[in-house]
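It should be emphasised that the depicted structure is a prediction, and the values quoted were computed from it without experimental measurement.
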Amino acid sequence: RRVHGECSQRIGEGERFLSRVRIYDRACVAHRVGYRLLYSIQSSNVRMLLILLNIHIFISLIPLVISRDFFEDVKQYDRSEFERSIVEFPQLVVLFEAPSCDACVEFGVEWKRLTQEGSEGSDRVFATVSDGLVAAEYGITKVPAIIHFRSSIPIVYSGDLVYEHILTWLHDTREPFSKDLAEDSFEHLTQAASGATTGDWFVFFWKDSCRLCKTLFPAWENVASNIRLTINSARVNVQTNPLLKERFKVSKVPSFVLFRHGSMYRYTLNNYDSGSLINFAQSFWRNSKAIKVPIELSPFDRLTNYLAKSLHRYFYIVVPVVAGFLVFVLVLYLYKRRRTPKLKDE
């Protein structure tokens with residue numbers, strides 16, 4: 001995977017460099033053709049017009065020749081730099097592109113403007129990634145695509161690739177829309193079992209080892225963005241919060257549950273696109289079975305549950321051990337009882 005990513009990166013750099021060289025070469029050819037036409041035309045007016053045209057072409061070529069940006073491409077992030085930057089920078093804006101992508105080349109001008117003006121007065125950092133495997137991990141199926149990472153939480157841009165629209169979107173999405181909940185904060189923030197006084201909550205249960213869950217992170221942020229005015233959104237990592245997994249009977253990941261007025265509604269469809277999840281949170285939850293939200297267990301209740309589950313899990317081991325121990329105590333008691341009269345006679 002690492003070698004594939006490096007090769008994709010080098011191929012992308014080479015394609016972009018060749019495309020710029022082709023532009024320069026075509027301009028030079030046009031310049032030479034212009035001079036040939038110049039000497040083949042007898043009319044002084046037409047010749048003067050061609051002279052002015054050639055001077056214009058020559059002046060236009062000067063910035064291309066002396067500019068470093070023409071020969072050196074914008075720095076590309078490989079997998080390790082990309083993963084490190086997600087954690088390091090509070091706001092990371094990433095353009096996913098691919099080699100031989102005409103749309104990516106066309107969008108290059110707008111992207112260049114974004115990298116220059118979009119970072120002014122903010123803590124945004126811009127990067128470009130050409131690794132198709134990295135793009136697939138975030139559910140990217142079409143390039144060019146833009147993902148905005150805020151505190152490592154991604155959201156994908158779904159509008160037109162226009163500078164003004166993208167800049168407005170970056171400003172609106174500077175903070176994550178979905179919260180990360182844990183065992184010590186879930187009930188305090190959601191009030192799920194006590195009547196949902198803080199409003200309705202749509203919760204995404206996931207874990208670190210689930211690759212599908214990570215590809216759904218950008219889509220989940222889009223869901224949170226669309227329903228944020230009426231419904232709260234949150235994520236729960238069941239790998240680090242096993243008590244919440246046990247409490248809400250989360251048997252698989254990804255799982256989506258809507259908590260509403262003391263009841264919980266499970267999302268049972270296999271479609272995990274943003275539109276289906278938004279539709280479920282807003283209205284389709286009525287077609288799901290209402291389950292009463294279980295109360296948060298006390299430490300004593302958790303201990304008794306743990307002992308009961310352990311006894312059930314290790315039944316075939318515990319029962320013989322306990323039975324053997326009771327038989328041993330009974331034999332010892334009978335032996336001592338028979339020996340007691342003899343000791344009295346002696």
*asked:* Do Phe217 and Leu212 land in one hydrophobic cluster if side-chain heavy atoms of ILVMFWY residues count as linked below 4.5 Å?
replied: yes
*Kindly indicate whether a cation-pi arrangement holds for Arg266 with Phe248, taking the cut-offs as under 6.0 Å to the six-membered ring centre and within 45° of the axis.*
no
*asked:* To the nearest 0.5 Å, what is the distance between OG on Ser130 and OH on Tyr77?
replied: 13.5 Å
*Answer yes or no: is there a donor N or O on one side and an acceptor on the other, between the side chain of Thr168 and the main chain of Glu164, under 3.5 Å?*
yes
*asked:* Keeping Asp131 on the side-chain end and Leu133 on the backbone end, is there a donor-acceptor pair under 3.5 Å?
replied: yes
*Side chains of Phe107 and Cys101: closer than 4.5 Å at any heavy-atom pair?*
no
_Candidate pair Gln91 and Arg174, rule side chain to side chain contact (heavy atoms under 4.5 Å, CB included), full reasoning_ = CA-CA 7 Å; Gln91 289 196 72; Arg174 61 186 181 276; 3.8 Å; yes
*Would you indicate whether the side-chain heavy atoms of Asn241 and Phe186 approach each other to under 4.5 Å?*
no
*Would you say the side chain of Leu269 lies within less than 4.5 Å of the side chain of Phe280, judging by non-hydrogen atoms?*
no
*Calculate, to the nearest 0.5 Å, the distance between atoms CZ and OG1 belonging to Arg211 and Thr215 respectively.*
9.5 Å
*Do side-chain atoms of Asp208 reach the backbone of Gln239 as a donor and acceptor pair under 3.5 angstrom?*
no
*Do any N or O atoms from the side chain of Thr198 and from the backbone of Leu189 form a donor-acceptor pair under 3.5 angstrom?*
yes
_Keeping Ser152 on the side-chain end and Ile86 on the backbone end, is there a donor-acceptor pair under 3.5 Å?_
yes
*Side chains of Ile140 and Ile147: does their closest heavy-atom pair fall under 4.5 Å?*
yes
_Pair Trp169-Ile155, side chain to side chain contact (heavy atoms under 4.5 Å, CB included): steps then yes or no_ = CA-CA 10 Å; Trp169 173 77; Ile155 183 171; 3.9 Å; yes
*Are Phe202 and Ile278 grouped together when hydrophobic residues (ILVMFWY) are joined by side-chain heavy atoms under 4.5 angstrom apart?*
yes
*Taking atom NZ of Lys292 as the centre, report whether more than 12 heavy atoms of other residues, nucleotides or ligands fall under 6.0 Å from it.*
no
*asked:* Please determine whether side chain to side chain contact (heavy atoms under 4.5 Å, CB included) holds for the pair Thr190 and Phe259, giving the CA-CA distance in whole Å, both sets of side-chain angles, and the decisive distance to 0.1 Å.
replied: CA-CA 8 Å; Thr190 64; Phe259 295 89; over 6 Å; no
_Let me confirm one number: the OG-NZ distance from Ser263 to Lys289, rounded to the nearest 0.5 Å._
11.5 Å
*Shortest non-hydrogen separation from Phe96 to Ala135 and the atoms involved*: CD2-CB, 3.7 Å
*What about Phe89 and Val156, same hydrophobic cluster or not, with Ile/Leu/Val/Met/Phe/Trp/Tyr joined at side-chain heavy-atom distances under 4.5 Å?*
yes
*Examine distances only and state if a side-chain atom of Gln191 and a backbone atom of His188 form a donor-acceptor pair shorter than 3.5 Å.*
yes
*Do Phe149 and Phe82 make the cut of ring centroids closer than 6.0 angstrom?*
yes
*Looking only at atom types and distance, does a side-chain atom of Arg124 sit under 3.5 Å from a main-chain N or O of Val93, one as donor and one as acceptor?*
no
_Where Ala290 and Tyr265 come nearest, the two heavy atoms and their spacing_ = CB-CE2, 3.5 Å
*Check the pair Arg150, Phe177 against side chain to side chain contact (heavy atoms under 4.5 Å, CB included), reporting the backbone distance first and the verdict last.*
CA-CA 10 Å; Arg150 301 97 71 235; Phe177 298 108; 3.8 Å; yes
*Mind checking whether Ile166 and Trp111 have side chains closer than 4.5 Å, heavy atoms only?*
no
_In this structure, would Leu277 and Val250 fall into the same cluster of hydrophobic residues linked by side-chain contacts under 4.5 Å?_
no
*Give a yes or no on whether the backbone of Pro294 and the side-chain of Arg247 come within a donor-acceptor separation of less than 3.5 Å.*
yes
*If you take all heavy atoms of Leu216 and Pro254, which pair is closest and at what distance?*
CD1-CG, 3.8 Å
*Quick one: CG on Leu95 to OG1 on Thr115, what's the gap to the nearest 0.5 Å?*
10.0 Å
*State plainly whether one hydrophobic cluster holds both Leu258 and Val253, where clusters connect Ile, Leu, Val, Met, Phe, Trp and Tyr through side-chain heavy atoms under 4.5 angstrom apart.*
no
_Tell me which one of Phe284, Phe204, Trp285, Trp206 satisfies ring pair (Phe, Tyr, Trp, His ring centres under 6.0 Å) with Phe256._
Phe204
*Where is the tightest heavy-atom contact between Thr240 and Glu183, given as atom of each residue plus distance?*
O-OE2, 4.3 Å
*Nearest heavy-atom neighbours spanning Ala281 and Ile231*: O-CD1, 3.2 Å
*Please round to the nearest 0.5 Å and tell me the distance separating atom NZ of Lys207 and atom OG of Ser255.*
10.5 Å
*Is any side-chain heavy atom of Arg79 less than 4.5 Å from a side-chain heavy atom of Glu137?*
yes
*State whether the side chain of Glu221 and the backbone N or O of Ile153 hold a donor-acceptor pair below 3.5 Å, judged by distance alone.*
no
*To the nearest 0.5 Å, tell me how far Asn270 CG sits from Tyr267 OH.*
8.0 Å
*How about Leu161 and Pro144: do any of their side-chain heavy atoms sit closer than 4.5 Å?*
yes
_Please find the pair of heavy atoms, one from Cys104 and one from Ala98, that lie closest to each other, and give the distance._
SG-N, 3.9 Å
*Examine the side chains of Ser225 and Arg228 and answer whether a donor and an acceptor come within less than 3.5 Å of each other.*
yes
*asked:* Quick check: do Asp78 and Glu81 have side-chain heavy atoms less than 4.5 Å from each other?
replied: yes
_Main-chain N/O of Asn222 paired to Asn226 side chain as donor or acceptor, under 3.5 Å_ = yes
